[in-house]
There are 2 protein chains.
Amino acid sequence: MGSTDRPDLAAMLAPLTRSLIAMERPVLEAHGLSMWGYSVLIALSRGPARGQGVLAQEIGADKTRIIAVLDDLQKHGLIDRTPDPADRRARLLELTTEGRRIVTRTQAEIQSREEQQVLRHLPPADRRGFLSALRTLAELPRDGIDDNPGAD
Amino acid sequence: MGSTDRPDLAAMLAPLTRSLIAMERPVLEAHGLSMWGYSVLIALSRGPARGQGVLAQEIGADKTRIIAVLDDLQKHGLIDRTPDPADRRARLLELTTEGRRIVTRTQAEIQSREEQQVLRHLPPADRRGFLSALRTLAELPRDGIDDNPGAD
DNA sequence: TATTGTTATACTCTATAACTATA
DNA sequence: TATAGTTATAGAGTATAACAATA
């Protein structure tokens, strides 16, 4: 149980993730996007959000952290931010046509690079298995990982 | 190529990695280790390092960043830091017996948690495939990912 | 009174550059 | 002059807490 013949998951994932993010950066910059901005656009590409807090939580950010991001995205015409008629404290957030275009193109470019520079190194069979397993793990509720059911 | 029907790698890996790290934290704290301290011990468990710069590069850190970490590890008797006789500017770094004990136990505990809380959610077949693929990707030279061979 | 969004402040982490000693 | 290690400073990123508007 827990033999030391393989590196820890985090020890492998952290550097890999850093490299992936470094790989994304030039693509994002080419489209005038920050990492959080891209994250927001991706979330909104799956549908509008009612409330900034909801959106923030969805992408694992703090409510205060995304405000400047939203300001910027709105200023560049990539998102619409309108007061919710039902609750005028909240803002309805959705992509503009331009925003949808940008996020679609950016994501295609990023995934293309990922496939050509990273996934290429996996045999096709392993590749699909890896992506499938990764999706499973990525969709785990964070509670299930962060909590310590068998802590002590 | 680059169809948008799957999330980006980094988008899946980043939150997962954060959760993993959050999971590690209490284990590390229980052994009085920081994340970088643990990283150093893991690296040294694969053999002594001749020079702090070498060690830093090996774990993806800056030379200046690990100094305080090494100070702390040495203070707690987990590593030996002796001037290299061949080049007295450099320091020879290696685990003490106590250091080896700590890192072994800590890693066993961490991997046990990873398996019970994360890998558990993968069918055994997928699990081995995932770990194998992850090792492959983690061992890729960062140059191969960070660089942009087909940049434009 | 509670909640959404906002702003301002403080704290952590990281990177950059200057300094000491050996080569 | 160049390099290993160290130290000090500044910068980016993040979290915490107070504030205004609406419910």
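Just so it is clear, the values below take in all heavy atoms, side chains as well, and ignore hydrogens, waters and symmetry mates. Lettering follows sequence order; numbering is per chain, from 1. Being a predicted model, the structure only gives us computed values, none of them experimental.
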Side-chain donor-acceptor distances from residues 7-15 of chain B under 3.5 Å, at least two apart:
from, atom 1, to, atom 2, distance (Å)
B:D8, OD1, A:Q107, NE2, 3.2
B:D8, OD1, A:Q111, NE2, 2.9
B:D8, OD2, A:Y38, OH, 2.4

Check residues 24-35 of chain B and write down every donor-acceptor pair under 3.5 Å in which the side-chain atom is one partner and the other belongs to a residue at least two apart or another chain.
from, atom 1, to, atom 2, distance (Å)
B:H31, NE2, B:E109, OE1, 3.2
B:S34, OG, B:G37, N, 2.9

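Here A:S45 pairs with A:L95, A:V103 under the side chain to side chain contact (heavy atoms under 4.5 Å, CB included) rule; sequence neighbours left out. For A:A43, the side chain to side chain contact (heavy atoms under 4.5 Å, CB included) partners at least two apart in sequence or on another chain are A:R46, A:L55, A:E58, A:I59. Under the ring-ring contact (aromatic ring centres under 6.0 Å, His included) criterion, B:F130 pairs with A:F130, not counting sequence neighbours. Judged as a side chain to side chain donor-acceptor pair (under 3.5 Å), and not counting sequence neighbours, the contacts of A:T17 are B:T17. Judged as a side chain to side chain contact (heavy atoms under 4.5 Å, CB included), and not counting sequence neighbours, the contacts of B:T96 are B:D80, B:E98. Scanning for side chain to side chain contact (heavy atoms under 4.5 Å, CB included) contacts around B:D87 gives B:R89, with sequence neighbours left out.
The side chain to side chain donor-acceptor pair (under 3.5 Å) analysis of residues 127-140 of chain B, with sequence neighbours excluded, yields no pairs.
For the atom pair B:E115 CD and A:R6 CZ, the distance stands at 6.5 Å (nearest 0.5 Å).
Per the geometry, CD1 belonging to B:I67 stands 17 Å off P belonging to C:dA17, to the nearest Å. Rounded to whole Å, the distance from CD1 on A:I21 to P on D:dA12 is 19 Å. Put simply, CZ on A:R18 is 15 Å from P on C:dC13, counting in whole angstrom units. One interatomic measurement links the two molecules: CD1 of B:I66 to P of D:dT7, which rounds to 13 Å at whole-angstrom precision. B:Q57 places its CD atom 14 Å from the P atom of D:dT3, with the value rounded to the nearest Å. In this structure, B:Q52 atom CD and D:dT7 atom P are separated by 10 Å, rounded to whole Å. One interatomic measurement links the two molecules: CG of B:L93 to C1' of D:dG5, which rounds to 11 Å at whole-angstrom precision. Between B:R50 atom CZ and D:dT3 atom P the separation is 17 Å, expressed in whole Å.
Shown for residues 69-80 of chain B: no residue has heavy atoms falling under 4.0 angstrom of DNA chain C. Scanning residues 31-41 of chain B for heavy-atom distances under 4.0 Å to DNA chain C yields B:W36.
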Exercise. In B/S/- notation, 5' to 3', how is nucleotides 16-23 of chain D contacted by protein heavy atoms closer than 4.0 Å?
Worked result: BB----BS
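In this structure, A:R81 reaches the sugar-phosphate backbone alone: every heavy-atom distance under 4.0 Å involves primed, P, OP1 or OP2 atoms, never a base.
When B:Q57, B:K63, B:R81 are each tested for a side-chain hydrogen bond (donor to acceptor under 3.5 Å, both in side chains) with B:Q52, only one passes: B:R81.
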